[in-house]
Amino acid sequence: MAEETITIEVLRYLPENGAEPEFQSYDVPLRSDWVVLDALNHIKDHIDGTLSYRWSCRMGVCGSCGMMINGEPVLTCAAFLTKYAPGPIRVEPLAHFPVVRDLVTEVTDFVDKLKHVKPWVVREEDKPLEEGEFKQTPAELSDFKSYTMCINCMLCYSACPVYGLEPGFAGPAALALAQRYNLDNRDEGNDERMARLSNDEGIWSCTMVGECSEACPKDVDPAGAIQRYKLAGAAEWWKSFITRKGK
Ligand code: SF4
Ligand code: FES
């Protein structure tokens, strides 16, 4: 009996050809243990070696295999072919990012946004080594632990309509990353981050659509992180307002 197949429609873009991106169809075996990434690897290995895309771990850890599947941002290593049967399955590069080639997107803007939030423990004064480590209780850790689970897959940016319209927006993962450090009891960089992010390209651009948290494969809940950040920003503003009035 002939093996059952499913059609994968891949958006191809080869800049050296000077042509507009166009879909190319490939038939691949419909195996119950294959994910979309397996199908792309099958195409690359057996049908068309010119296909370009990123991946590394094949286990939802490296964050490099994110693509649009039937219009939704997902990790292709976690998307079983059978979920989309009988197909066809449309595979496109992550939305809202410039495309370098085929399914490979340009990530420089995303990385710059992560760096902008000072994603490290900021201290006003270093503690001498002889004073030992900084202590942190499990309760203190649990306050921000979910934000440490981010794998930088950028799915939340592709799901975010605000980032799609305003590329200057810091975006869900960067703001959740800022909160990861703001809420860390060892960190003293809250004011510096607030000065960078309490503006129209930071927390106040978020319209709380919540698509970012829906798309996140790691339950980071960036929408919740931004909501908490907005509350802190509003409290900060009131504090400075009252202080000004009292002078
Ligand atoms: S917050 Fe979630 S969706 Fe966004 S980059 Fe991190 S892991 Fe990916
Ligand atoms: S290949 Fe690493 S997350 Fe999918």
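In each ligand, atom 1 is the first atom listed, and ligand 1 is the first ligand listed.
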Exercise. Assess whether side chain to side chain contact (heavy atoms under 4.5 Å, CB included) is satisfied between E72 and L155, documenting all intermediate values.
Key: CA-CA 9 Å; E72 302 282 337; L155 301 192; over 6 Å; no
Quiz item: Does I89 reach the side chain of N70, with side-chain heavy atoms less than 4.5 Å apart?
Solution: yes
Quiz item: Against heavy atoms of C65, which atoms of ligand 2 measure under 4.0 Å?
Solution: 1 (S), 3 (S), 4 (Fe)
Quiz item: Which residue and non-hydrogen atom of the protein lie closest to atom 8 (Fe) of ligand 1, and at what distance in Å?
Solution: C153 SG, 2.3 Å
Self-check item: Identity and separation of the nearest protein heavy atom to atom 6 (Fe) of ligand 1
Solution: C150 SG, 2.3 Å
Self-check item: Atom indices of ligand 2, in the order listed, that fall short of 4.0 Å to a heavy atom of S56
Solution: 1 (S)
Quiz item: So, D109 and Y157: side-chain donor and acceptor under 3.5 Å apart, yes or no?
Solution: no
Exercise. Find all atoms of ligand 2 within a distance of less than 4.0 Å from any non-hydrogen atom belonging to C77, and give their numbers and elements.
Key: 1 (S), 3 (S), 4 (Fe)
Practice problem: Distance to 0.1 Å, residue and atom name: give those for the protein heavy atom nearest to atom 4 (Fe) of ligand 1. | Solution: C156 SG, 2.3 Å
Quiz item: Is there a donor-acceptor contact under 3.5 Å linking the side chains of D221 and S213?
Solution: yes
Quiz prompt | Minimum-distance protein heavy atom relative to atom 3 (S) of ligand 2 | solution = G63 N, 3.3 Å
Exercise. Determine the interplanar angle of the H96 and Y163 rings, folded into 0 to 90°, and report it as parallel if under 30°, tilted if 30 to 60°, perpendicular if over 60°.
Key: perpendicular
Quiz item: Would a 4.5 Å heavy-atom cut-off, applied to side chains only, mark Y229 and C206 as touching?
Solution: no
Practice problem: Establish whether Y84 and M68 are linked, either directly or via other cluster members, by ILVMFWY side-chain heavy-atom contacts under 4.5 Å. | Solution: no
Self-check item: Proximity to ligand 2 by part of V61, non-hydrogen separation under 4.0 Å
Solution: backbone
Quiz item: Which atoms of ligand 2 have any heavy atom of C57 under 4.0 Å away?
Solution: 1 (S), 2 (Fe), 3 (S)
Exercise. Test P172 against every option in C216, C150, P222 by the side chain to side chain contact (heavy atoms under 4.5 Å, CB included) rule and name the one that passes.
Key: P222
Quiz item: Should you measure from each heavy atom of M154, which atoms of ligand 1 turn up under 4.0 Å away?
Solution: 5 (S), 8 (Fe)
Quiz item: Numbering the atoms of ligand 1 from 1, which are under 4.0 Å from a heavy atom of A173?
Solution: 4 (Fe), 5 (S)
Practice problem: Pull out every atom of ligand 2 sitting under 4.0 Å from any heavy atom of C62, numbered as shown with elements. | Solution: 1 (S), 2 (Fe), 3 (S)
Quiz item: Starting from atom 7 (S) of ligand 1, which protein heavy atom do you reach first, and at what distance in Å?
Solution: I151 N, 3.5 Å
Quiz item: G60 heavy atoms, cut-off 4.0 Å: which ligand 2 atoms fall inside?
Solution: 3 (S)
Quiz item: When you look at E3 and R31, which way does the salt bridge (Lys or Arg N to Asp or Glu O under 4.0 Å) test go after all the steps?
Solution: CA-CA 9 Å; E3 190 174 29; R31 289 182 43 174; 5.3 Å; no
Quiz item: Under 4.0 Å from any heavy atom of R58, which atoms of ligand 2 are there?
Solution: 1 (S), 2 (Fe)
Quiz item: When you look for heavy atoms under 4.0 Å from ligand 1, do you find them on the side chain of M149, its backbone, both, or neither?
Solution: neither
Quiz item: If Ile, Leu, Val, Met, Phe, Trp and Tyr residues are connected whenever their side-chain heavy atoms lie under 4.5 Å apart, and connections chain through other members, are W34 and F80 in the same group?
Solution: yes
Quiz item: Numbering the atoms of ligand 1 from 1, which are under 4.0 Å from a heavy atom of P217?
Solution: 3 (S)
Quiz item: So which protein heavy atom does atom 2 (Fe) of ligand 1 come closest to, and at what separation?
Solution: C216 SG, 2.3 Å
Quiz item: Among T76, D102, L37, V10, which one satisfies side chain to side chain contact (heavy atoms under 4.5 Å, CB included) with Y53?
Solution: L37
